[in-house]
Structures are given as C-alpha cells and as structure tokens.
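The basis for the numbers below is simple: all heavy atoms, side chains too, and nothing from hydrogens, waters or symmetry mates.
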Amino acid sequence: MSFGFKAIAAAALSIATLATSGLAQAADLPVKAAKKASDVPFFLVIDNRVTFSWMPKGTDPGMWSVNPNSINGTTAKQVYSFTHFDLWAYGTNFFTISMFKSGHNDPASPCIAPGLSSSFGAADCAGATEIYGLFRSTFGWNQLFNTKAFTMGPLQNISFEVGMDGNSENTFLAPAKRDVVAGLQFAFDLPYKGYINVAPLMYWEFSNHNAFTQCGSGFAGPLPGVSCNSDGNVSYNPTWAVEINYYMDLGFLPPNMQFWSISGRAGWYGAKGDSNGLPALSGPGRFSTASKVELNSEPIRLTFDASKAAWGDKYSHFVDLWVAYRYWQNKFGLDHNAMPGVCTVAATGQSTNSCTESTVYGGITVKF
C-alpha cells in the first residue's frame with residue numbers, strides 16, 4: 001500500500017510552472033511576426049522521465065515483525081517510476097505510474113504478516129509489489145479567459161485542478177484504491193526560476209478493498225455492513241485536501257556550481273470516516289478505527305543536474321541524481337496512535353512503527 005504522491009518528478013514540475021508563467025506573459029515578448037494558428041503545436045511542452053529510487057525504511061501499515069528488543073515496522077523498497085508532463089494552450093497535465101517492490105517484512109499474499117500465512121502457519125513469502133498511478137490536470141484562468149488579471153506580484157496564475165489516483169497491490173489485504181480530487185491551484189513565483197503551487201481540493205476516496213474485513217474471510221464478523229463488508233470493498237466520505245509543491249534552482253551559487261536545485265511537496269488529507277468502513281466496530285481511544293488527518297510529504301529533495309555538469313546547459317536535467325527526506329504520518333488516514341493490530345499492538349497499545357514513514361532515500365532520473 002502506498003500513496004500516489006510518491007514519485008513526483010521535481011524537474012518536470014519545474015518546467016510546468018515556468019512554462020505556464022511564460023505562456024501567461026507571452027504578450028509582453030517582442031516578436032517579428034505572429035504565427036498562424038495552424039503553426040502552433042497542440043502541446044507546447046512534452047516531458048517524459050523514468051526514475052529508479054531506493055527507500056531503505058519504507059512502511060506498509062500492519063506489516064511488522066518483532067525483534068528481541070523492538071518492533072520492526074519498516075521495509076526496504078525499490079521504486080521504478082515513469083512520469084509524463086505536458087503543457088498545452090489552456091493548462092498542464094501530469095501523470096506518474098510507479099512500481100514499489102518491498103522486502104520480506106512487507107510480504108505478498110498468502111502471508112498476512114512476515115513469516116505467517118493466512119492459515120497461521122509458518123511461511124516465507126516474497127516481498128509485495130504495488131502499482132500506483134496518479135494524474136493531475138490544471139486549466140489556467142489566465143488562459144481560459146484570455147486575460148492577465150490573475151497575474152499580480154508573485155501570483156502567476158489561478159487554475160482549476162482535477163485529478164485521480166489508483167493502486168493495486170498483491171498483499172493479502174489486496175488494496176484497490178480509487179479516488180478523485182477537484183479544486184483550485186494557486187501558482188506563485190520563487191527566486192531563481194522557482195515556484196510554489198498551493199492547491200486546496202475536495203478529496204473523495206470512493207473505493208478501496210480490505211480482505212481482512214470481507215465477510216467469510218475468517219478475520220471479520222458475520223454481519224454484513226456491521227461487522228464485515230460483503231465483498232471487502234470500502235467507501236469513504238468526501239473530505240478536504242491541500243497539496244503543495246515547490247521547486248527552486250540554487251542560483252545564488254557561483255556559476256561553475258549552478259548544478260543544484262531543491263524541491264519538495266506536502267499533502268494534507270482530512271479524516272474520511274471509519275478506516276474499515278465499519279463504524280460500529282470503532283471503539284474509544286487506542287481501540288478506535290476512525291481515520292485521522294493524513295500528512296504525506298517530501299519536505300526537501302536536493303537534486304544534482306549531472307548531465308548539465310558533464311555536457312553543458314543544452315543537456316540540463318537530462319540526468320538528475322537526487323536525495324530526499326520523506327515523512328508520512330497517519331499513512332492512508334490510519335491513526336498511528338490507535339488501529340489495534342495495524343498501527344498498534346492490540347494487547348499493549350505499543351506502536352508497530354508501521355503507520356508513520358520517516359526515511360531518507362535517493363535515486364536517479366533520466367529524461368527521454
């Protein structure tokens with residue numbers, strides 16, 4: 001189980017904002033002659049990238065093992081991603097799809113926990129594999145209304161934003177998340193060709209799956225809609241979200257060292273109802289299964305433009321090497337202080353360390 005904001009390419013997003021800003025101000029640029037409409041390409045920018053990254057301390061809620069003196073709720077993950085960004089006359093489109101390959105502490109089905117099969121026998125299952133896709137599309141007000149009214153000071157544009165996420169993973173839980181977002185995006189300039197985008201959104205996770213709560217699974221009660229879900233599918237309440245991302249070149253460095261940039265993102269998602277879709281089972285305090293506000297963030301990523309350093313400005317961001325810090329609290333909306341058997345040990349209330357993710361990780365991104 002993983003979230004969609006996992007693998008956003010900062011370099012592509014940089015191009016998105018800079019290109020949009022340029023489009024909004026195109027009338028200010030001197031030109032020799034206007035191009036015919038037929039000469040203007042439909043897509044003004046197309047940017048495709050592949051990324052490999054290594055995450056030494058990823059987590060998957062409910063996946064944990066007991067060491068002699070502690071609980072291990074982390075697992076290493078290999079991440080393979082493809083990202084696409086394009087700019088057209090009225091806005092931008094961003095799409096990413098990632099594959100997350102976990103270690104043995106996050107096992108695939110039929111294991112329900114590390115070393116334990118669904119029949120409660122000993123088993124050594126391979127690490128789980130997850131596929132996660134995310135799409136975001138914006139429609140700029142300056143472009144839609146053919147105006148510059150929404151560019152003032154550091155504000156470059158206001159846009160409508162829509163998007164969706166989906167995933168699938170071969171664990172016993174068998175999650176199948178589907179959600180949609182809709183709202184606004186406010187794009188602001190930062191120094192050194194930088195930007196920060198702030199998007200207040202409506203978020204609705206309308207479908208997911210939980211095999212543990214499915215009627216007849218052996219883990220849930222017998223009453224559909226009360227103590228079990230008839231087919232394991234869970235729907236949630238619409239809620240709020242705020243997504244932020246930023247990028248900035250380190251342009252204050254000497255010219256012979258201007259190969260570095262910083263970027264980051266954060267997403268807050270409101271409580272969406274009971275995490276199991278069975279509010280009758282939600283107890284008080286640490287026994288609660290109610291969802292909580294979720295923070296999924298990568299507050300900073302430091303990127304080295306290796307291709308520019310090796311071959312010059314013409315090849316800027318063709319090959320990027322980067323290192324980042326990732327922090328994810330109440331992962332998937334699960335309360336890291338409650339959710340017995342998942343985020344905490346049911347008998348003692350001790351944290352399983354699997355519902356908060358805190359890790360430094362790094363990778364390489366190649367444009368093609």
Will you find, in the side chains of [X] and [Y], an N or O donor that is under 3.5 Å from an N or O acceptor?
X: Thr83; Y: Thr96; result: no
X: Thr213; Y: Asn276; result: no
X: Asn142; Y: Thr147; result: no

> Do Phe304 and Trp322 have ring centres separated by under 6.0 Å?
Replying inline: no

Residue [X] excluded, over 12 heavy atoms near [atom1] under 6.0 Å:
X: Asn146; atom1: CG; answer: no
X: Met164; atom1: CE; answer: no
X: Lys57; atom1: NZ; answer: no

Please determine if [X] and [Y] form a salt bridge, counting it only when a charged side-chain N lies under 4.0 Å from a carboxylate O.
X: Lys331; Y: Glu357; result: yes
X: Lys367; Y: Asp47; result: yes
X: Arg136; Y: Glu243; result: yes

Rounded to the nearest 0.5 Å, how far does [atom2] of [Y] lie from [atom1] of [X]?
X: Asn229; Y: Asn208; atom1: CG; atom2: CG; answer: 11.0 Å
X: His336; Y: Thr352; atom1: NE2; atom2: OG1; answer: 11.0 Å
X: Asn245; Y: Asn197; atom1: CG; atom2: CG; answer: 4.5 Å

> At their closest point, which heavy atom of Tyr246 faces which heavy atom of Pro299, and how far apart are they?
Replying inline: OH-O, 2.8 Å

> If every non-hydrogen atom of Gln214 is compared with every non-hydrogen atom of Gly232, which pair is closest and at what distance?
Replying inline: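 Between these two residues, the closest heavy atoms are CG-N, 3.6 Å.
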
>> If the condition is ring pair (Phe, Tyr, Trp, His ring centres under 6.0 Å), which residues does Tyr236 pass it with, not counting sequence neighbours?
In response: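 So Tyr236 forms no ring pair (Phe, Tyr, Trp, His ring centres under 6.0 Å) with any residue.
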
